[in-house]
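For reference, the structure discussed in these notes is given below.
Each ligand, and each atom within it, is numbered from 1 in the order the structure gives.
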Amino acid sequence: MPDPVQPPADGAPLPEGADVDSETERLRTATQTVAAGLKARAAVATGDAAAVLKATALMAGDRTLLKSATKLVASGTSAESAIWEAADAVATQLTALGGYMAERATDVLDVRARIVAELRGVPAPGIPDSEEPFVLCAVDLAPADTATLDPAKVLALVTSDGGPQSHTAIIARSLGLPAIVAATGTTALADGDLVFVDGITGTVTRDPGPAEEEIAASYANRAALPDFDGAGALADGRSVPLLANVGSGTDAVAAAEAGAEGVGLLRTEFCFLGRDKEPTHEEQVEAYRAVFDAFPGRKVVVRTLDAGADKPLPFLTDDTEPNPALGVRGYRTDGATPGVLARQLAAIAEAAENSRADVWTMAPMISTPAEAERFAGLCAAAGLRTPGVMVEVPSAAVLAGQILQRVDFASIGTNDLTQYTMAADRQLGALAELNDPWQPAVLHLIKATADGGRAAGGATSEGSATTGAKPVGVCGEAAADPALAVVLVGLGVATLSMNRRALPAVAAILRTVDLAEAQRLAGLALAAPSAAEAKELVRAELLELERFGL
Ligand code: PEP
Ligand code: MG
């Protein structure tokens, strides 16, 4: 995947040897080429990708944009600088208009990058267009890139950045794509190389031969996992509900078909990625209802918008923050942009009202008991019955008992909890070893959270009567690792929520242990001095992993 296009210098003059006429012609040809290319791709694309391409093609042919840019060229500016500046002005105007027009600002900026790439004679940014299926090798993918990622074309993903819990990895899992993140040596690969990508060992081999063919055959021969029967349980029959992480109604339908016992995490920001304007009440109700309708009579946990850091939403986040992962993200955006959260809760409540799903609502990035209490208040005001929090910040894990006295449940986001416990950016390939939920420090915090749920049992949040432990689930990627899932249950976690594709593997391994054994394995992992040793000790005891090639 080509690198992002770097901006030209502000007001750069006409290139040497060029005059206004030749530079105008160069600009015109570049815009026409880009528009024609996008149009041709839109004609053969389907679904979201076709819509994105069509909108971008229209923008590339936009006369106003070209007119303002040629004016700048006429005053002596280079074609690159002129289109850059002209597009900036158009995008600003569109944003100010709001609504549908504001959403088109992203298309203008995308077109601008494509035109500049064309002028420079370098490949267009974004996912490459290819007739032939290919292995996509990139630094990392932006969430918006995934809108045009066609799983029929992309055979596997290899990225030099991104950790195993980064959004690229999460998306690759949801598409069922073999993927290697935080790969070293990717710069040695060139376009057109034939490669063998082994997502299990995390290796890429150039010019594969008989050895690789043998590996592929051995994977094809491993025992097939039984389909998930829709009832997660341990060997002693103790129930461990297995839920799904979803980002849309379509995902939810697929998860229900895969046997998920409900939704443990609806990432609402995924319904509105790439939007620079707050979605309307009606749009939100429709998006949430589509998920609720897939799970009548079942639990659906809705997470309020988790904007910021790896999931920027321009209407909520400030892209100039020096340290976005430690910035105004998740629940914290309610302080900087009040109103969006209350309006989202109202939309969730309306969608829940006429649905048969059992709707629970939680906030991401809660750090203190006071925040939990305030969120519960907002939920109550919106008429939402079951408020909860995500435990993603170490402070929330440490004070889980107090937090869970104020809300009805907690769901541990191990992706962020690991990033913040280890102080290691989850998007950085170089820190992938630290960014591992098997880190014993992370496991101790998971145990502290589950203990907090037990301690808070019996306490009630306003208007709801709960007895026994307050439920603590896990919805980070850790829950999708079958060996780690056993440890999580041993640490006291009640439910596990994962990508639907992980359900059969997790269900099969959970059924091989009883609670006492899960607790024993959790004890081994807690006492281990490193993530690698924790993982090795536990895996050595779960013999079924090998049979299924897990
Ligand atoms: C997490 O942090 O573990 C989580 C589930 O949320 P996200 O991956 O969307 O940040
Ligand atoms: Mg998170």
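Each of the atoms 10 (O) of ligand 1 lies under 4.0 Å from some heavy atom of D306. Per-residue contacts place G413 under 4.0 angstrom from the following atoms of ligand 1 (heavy atoms of the residue considered): 1 (C), 2 (O), 3 (O). The contact set between ligand 1 and R426, taken as ligand atoms under 4.0 Å from a residue heavy atom, comprises 2 (O), 7 (P), 8 (O), 10 (O). Ligand 1 places these atoms under 4.0 Å from at least one heavy atom of G476: 3 (O), 5 (C). Heavy-atom proximity to R267, at under 4.0 Å, picks out these atoms of ligand 1: 4 (C), 5 (C), 6 (O), 7 (P), 8 (O), 9 (O). Distances below 4.0 Å separate heavy atoms of L265 from the following atoms of ligand 1: 5 (C).
When heavy-atom distances to ligand 1 are checked against a 4.0 Å cut-off, E477 has no atom that comes that close, whether in backbone or side chain. Heavy atoms of R303 found under 4.0 angstrom from ligand 1 belong exclusively to the side chain.
Looking at Y288 and Q344, their side chains do bring a donor and an acceptor atom within 3.5 Å of each other. Donor-acceptor pairing under 3.5 Å is recorded for the side chains of D318 and T320.
Heavy-atom minimum distance, E544 versus I509: CB-CD1, 3.8 Å. For the pair V393 and S367, the tightest heavy-atom approach, listed with the atom from each and the gap, is CG2-OG, 3.9 Å.
Atom OE2 is the N/O/S atom of E392 found closest to the Mg ion (ligand 2). Atom OD2 is the N, O or S atom of D416 at the shortest distance from the Mg ion (ligand 2).
Using cut-offs of 30° and 60° for the angle between ring planes, the W360 and F409 rings count as tilted.
By heavy-atom distance, the residue among T414, V391, N415 lying nearest atom 4 (C) of ligand 1 is N415. The heavy atom nearest to atom 10 (O) of ligand 1, considering only K311, E392, R329, is found in K311.
Rounded to the nearest 0.5 angstrom, Q402 CD and L404 CG are separated by 11.0 Å.
Comment: E321 does not engage R329 in a salt bridge, judged by the lack of any side-chain N to carboxylate O separation of less than 4.0 angstrom.
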Chi angles and distances behind the salt bridge (Lys or Arg N to Asp or Glu O under 4.0 Å) call for D229, R511: CA-CA 12 Å; D229 64 5; R511 278 193 192 276; 3.3 Å; yes

